Participant: 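Starting off with a structure, shown below.
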There are 2 protein chains.
Amino acid sequence: MTTMTAARRREEAKAEFDAYMDSCPTNGLRGIIGNKWNSMVLLRLEQGTVRYADLSRALPGVSAKMLTQTLRSLERDGFVSRSVTLAVPVQVEYTLTLLGERLIPLLDAMRHWADRNMPEVDAARAHYDANNP
Amino acid sequence: MTTMTAARRREEAKAEFDAYMDSCPTNGLRGIIGNKWNSMVLLRLEQGTVRYADLSRALPGVSAKMLTQTLRSLERDGFVSRSVTLAVPVQVEYTLTLLGERLIPLLDAMRHWADRNMPEVDAARAHYDANNP
DNA sequence: CTGCATCCAATATGATACTG
DNA sequence: CAGTATCATATTGGATGCAG
């Protein structure tokens, strides 16, 4: 059947595209810095070493679960290193790795672009909303 | 009660932090370029004007719903302009606006960083996974 | 102090069918 | 061709309680 063939083709094209997205480095990067808590935590770490509770205080919106999950994934990706000091109670410190520090200029570029252009985006949104009831 | 006060303080801090995140331009930008389909559509539009069906074909993973939603939000944000040609059947074309074009260098910077550094991230992940059973 | 486990709510995304 | 509408599913996030 022709319809079967077309459906089959779409499936293959989709699988191929999914594979492309998985392997594309830019896409991977987007998944990392496009994440809300990743970027918030990275922002704090740019200032230097911090402890778990410091982050928790600096980021009042984060749940313990998300904070742990975020730190784990940043550690797994090699952006952050975790060091435990055995004491009572234990102390855990997080620091940017060299790879993590290499990310800073890119984050700066994003901040710079945002500062210069996001007001225009806000204006475009207001304009759009005003004209689309 | 002391616990009440502490809870109250946390609530206030959280509200304040949420307000900060809403107003922070960098955070707004992250919401835009950190979105999977936004960035995929932007990537196509860098090449020039495209029609709805072109995008649908170029992005085999996207559902009609997501594609429409993505294009609407990019239009609302002022990155993309939409022009309708009345014919049978109708033609709708999407193009980058000037604001949208200003985004290109930033996207290039992301691609550049990703190409140079994501392999190291992949290695870090493999290493982490190997050591954490 | 740090962080894991569980359960639940919210949101994002997808599949499918239908229309001007 | 370019959507809209609806339903189903997946992913994400938060609250809570417990433990080393």
Side-chain angles (χ1 to χ4, degrees), chain A residues 3 6-8 10-11 13-15 17-18 21-22 27 30-32 34-41 49-76 80-95 132, chain B residues 3 6-7 10-11 13-15 17-18 21 27 30-32 34-41 44 49-76 80-95 132-133:
Chain A
T3 54
R8 178 74 179 287
R10 272 197 302 279
E11 261 180 56
K14 181 177 172 176
F17 188 74
D18 283 349
M21 285 212 291
D22 282 351
N27 229 332
R30 191 185 44 67
I32 293 165
N35 177 298
K36 178 176 156 184
W37 294 122
N38 274 1
S39 57
M40 285 295 153
V41 167
T49 298
V50 286
R51 292 176 53 185
Y52 184 95
D54 295 333
L55 285 168
S56 191
R57 241 172 287 112
L59 276 29
V62 76
S63 64
K65 175 183 172 177
M66 287 315 296
L67 185 51
T68 299
Q69 186 175 308
T70 299
L71 288 166
R72 283 292 166 285
S73 81
L74 288 174
E75 191 192 354
R76 182 171 107 102
V80 165
S81 71
R82 175 176 181 271
S83 71
V84 180
T85 302
L86 286 165
V88 183
V90 302
Q91 270 187 227
V92 183
E93 293 189 327
Y94 294 92
T95 316
N132 296 275
Chain B
T3 55
R10 272 199 302 280
E11 262 181 54
K14 180 176 173 176
F17 188 75
D18 283 350
M21 285 212 292
N27 229 332
R30 193 187 41 71
I32 294 165
N35 176 298
K36 176 177 158 184
W37 294 121
N38 274 0
S39 57
M40 283 296 153
V41 167
R44 299 291 147 177
T49 298
V50 287
R51 292 175 53 183
Y52 184 95
D54 295 332
L55 286 168
S56 190
R57 239 171 288 112
L59 275 30
V62 76
S63 64
K65 177 181 171 179
M66 286 314 296
L67 185 52
T68 299
Q69 187 176 309
T70 300
L71 287 166
R72 284 291 171 284
S73 81
L74 288 174
E75 192 192 353
R76 183 171 106 101
V80 165
S81 72
R82 174 176 182 272
S83 73
V84 181
T85 302
L86 286 164
V88 183
V90 300
Q91 272 188 225
V92 182
E93 294 190 327
Y94 293 92
T95 315
N132 295 276

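Per chain, numbering begins at 1; letters A, B, ... match sequence-line order. Worth knowing before you read on, the calculation uses all heavy atoms, side chains too, and leaves out hydrogens, waters and symmetry mates. Computed from a prediction, not measured in an experiment: that's the story for all the values here.
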Participant: Among the candidates D:dG14, C:dG14, D:dT4, find the nucleotide nearest to the side-chain atoms of A:Lys14.
Facilitator: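 Selected nucleotide: C:dG14.
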Participant: Go nucleotide by nucleotide along DNA chain D from the 5' end; which of A:Pro89 and A:Ser63 gets its closest nucleotide reached first?
Facilitator: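 Final value for this comparison: A:Ser63.
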Participant: Just how far, in rounded Å, is P of C:dT13 from CG of B:Leu67?
Facilitator: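 To the nearest whole Å, that distance equals 13 Å.
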Participant: In whole Å, I'd like the distance from the CE atom of A:Met66 to the P atom of D:dG13.
Facilitator: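 Roughly 4 Å, once rounded to whole Å.
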Participant: Between A:Arg30 and B:Gly34 (side chain of the first, backbone of the second, donor and acceptor by atom type, cut-off under 3.5 Å), is there such a pair?
Facilitator: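 Checked: pair present.
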Participant: Would you mind reading off the distance between A:Trp37 atom CH2 and D:dG14 atom C1', rounded to a whole angstrom?
Facilitator: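 So the two atoms are 11 Å apart, to the nearest Å.
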Participant: Quick one: closest heavy-atom pair of B:Phe17 and A:Trp37, and the distance?
Facilitator: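 Here B:Phe17 and A:Trp37 meet closest at CE2-CZ3, 3.9 Å.
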Participant: If you compare all heavy atoms of A:Ile32 against all heavy atoms of A:Asn38, which two are closest, and at what distance to 0.1 Å?
Facilitator: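 Of all heavy-atom pairs spanning A:Ile32 and A:Asn38, the closest is O-ND2, 3.1 Å.
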Participant: Please tell me if B:Lys36 has a side-chain N or O lying less than 4.0 Å from either OP1 or OP2 of C:dG14.
Facilitator: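 For C:dG14, OP1 or OP2 has a side-chain N or O of B:Lys36 closer than 4.0 Å.
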Participant: Within the pair B:Arg82 and D:dA2, is there a side-chain N or O less than 4.0 Å away from OP1 or OP2?
Facilitator: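 No, B:Arg82 has no side-chain N/O under 4.0 Å of OP1/OP2 on D:dA2.
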Participant: In this structure, how many angstroms lie between the P atom of C:dT2 and the CG atom of A:Leu59, rounded?
Facilitator: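 Going from CG in A:Leu59 over to P in C:dT2 covers 14 Å.
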Participant: Taking only the side-chain nitrogens and oxygens of A:Arg51, find out if one of them lies under 4.0 Å from OP1 or OP2 of C:dT2.
Facilitator: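 It does, given that an N or O in the side chain of A:Arg51 lies less than 4.0 Å from OP1 or OP2 of C:dT2.
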Participant: Give the rounded distance in Å between these two atoms: CG of A:Asn35 and C1' of C:dA12.
Facilitator: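 In whole Å, C:dA12 C1' and A:Asn35 CG are 14 Å from each other.
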Participant: What integer distance in Å separates A:Asp18:CG from D:dA10:P?
Facilitator: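 In whole Å, D:dA10 P lies 15 Å from A:Asp18 CG.
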Participant: In terms of side-chain heavy atoms of B:Ala53, which of D:dG3, C:dC1, D:dA2 is nearest?
Facilitator: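 Closest nucleotide to the B:Ala53 side chain: D:dA2.
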Participant: Is there a donor-acceptor pair closer than 3.5 Å between any side-chain N or O of B:Ser56 and the backbone N or O of B:Tyr52?
Facilitator: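 No: the side chain of B:Ser56 does not pair with the backbone of B:Tyr52.
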Participant: Choosing from C:dT2, D:dG3, C:dG3, which nucleotide comes nearest the side chain of A:Arg72?
Facilitator: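 Looking only at side-chain atoms, A:Arg72 lies closest to C:dG3.
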Participant: Which whole-number value in Å describes the distance from A:Gln69 CD to C:dT6 C1'?
Facilitator: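 Checked: the CD to C1' distance equals 14 Å.
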Participant: How close or far is atom C1' of D:dG3 from atom CD of B:Gln91, stated in whole angstroms?
Facilitator: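 One finds 15 Å between C1' of D:dG3 and CD of B:Gln91, rounded.
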Participant: Nearest of C:dG3, D:dG20, D:dA2 to any side-chain atom of A:Val90?
Facilitator: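 So the side chain of A:Val90 is nearest to D:dG20.
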Participant: Quick check on D:dG3: is either OP1 or OP2 less than 4.0 Å from any side-chain nitrogen or oxygen of B:Tyr94?
Facilitator: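 For B:Tyr94, the contact criterion (side-chain N or O under 4.0 Å from OP1 or OP2 of D:dG3) is met.
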Participant: If only side-chain N and O atoms of B:Lys65 are considered, is one of them under 4.0 Å from the OP1 or OP2 phosphate oxygen of D:dA8?
Facilitator: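 False: B:Lys65 side-chain N/O out of range (4.0 Å or more) of D:dA8 OP1/OP2.
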Participant: Under the 3.5 angstrom rule, does the side chain of A:Thr68 hit a backbone N or O of A:Lys65 as a donor-acceptor pair?
Facilitator: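 Not a single qualifying donor-acceptor pair exists.
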Participant: For C:dC1, does OP1 or OP2 lie under 4.0 Å from any side-chain N or O of A:Arg57?
Facilitator: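 For C:dC1, neither OP1 nor OP2 has a side-chain N or O of A:Arg57 closer than 4.0 Å.
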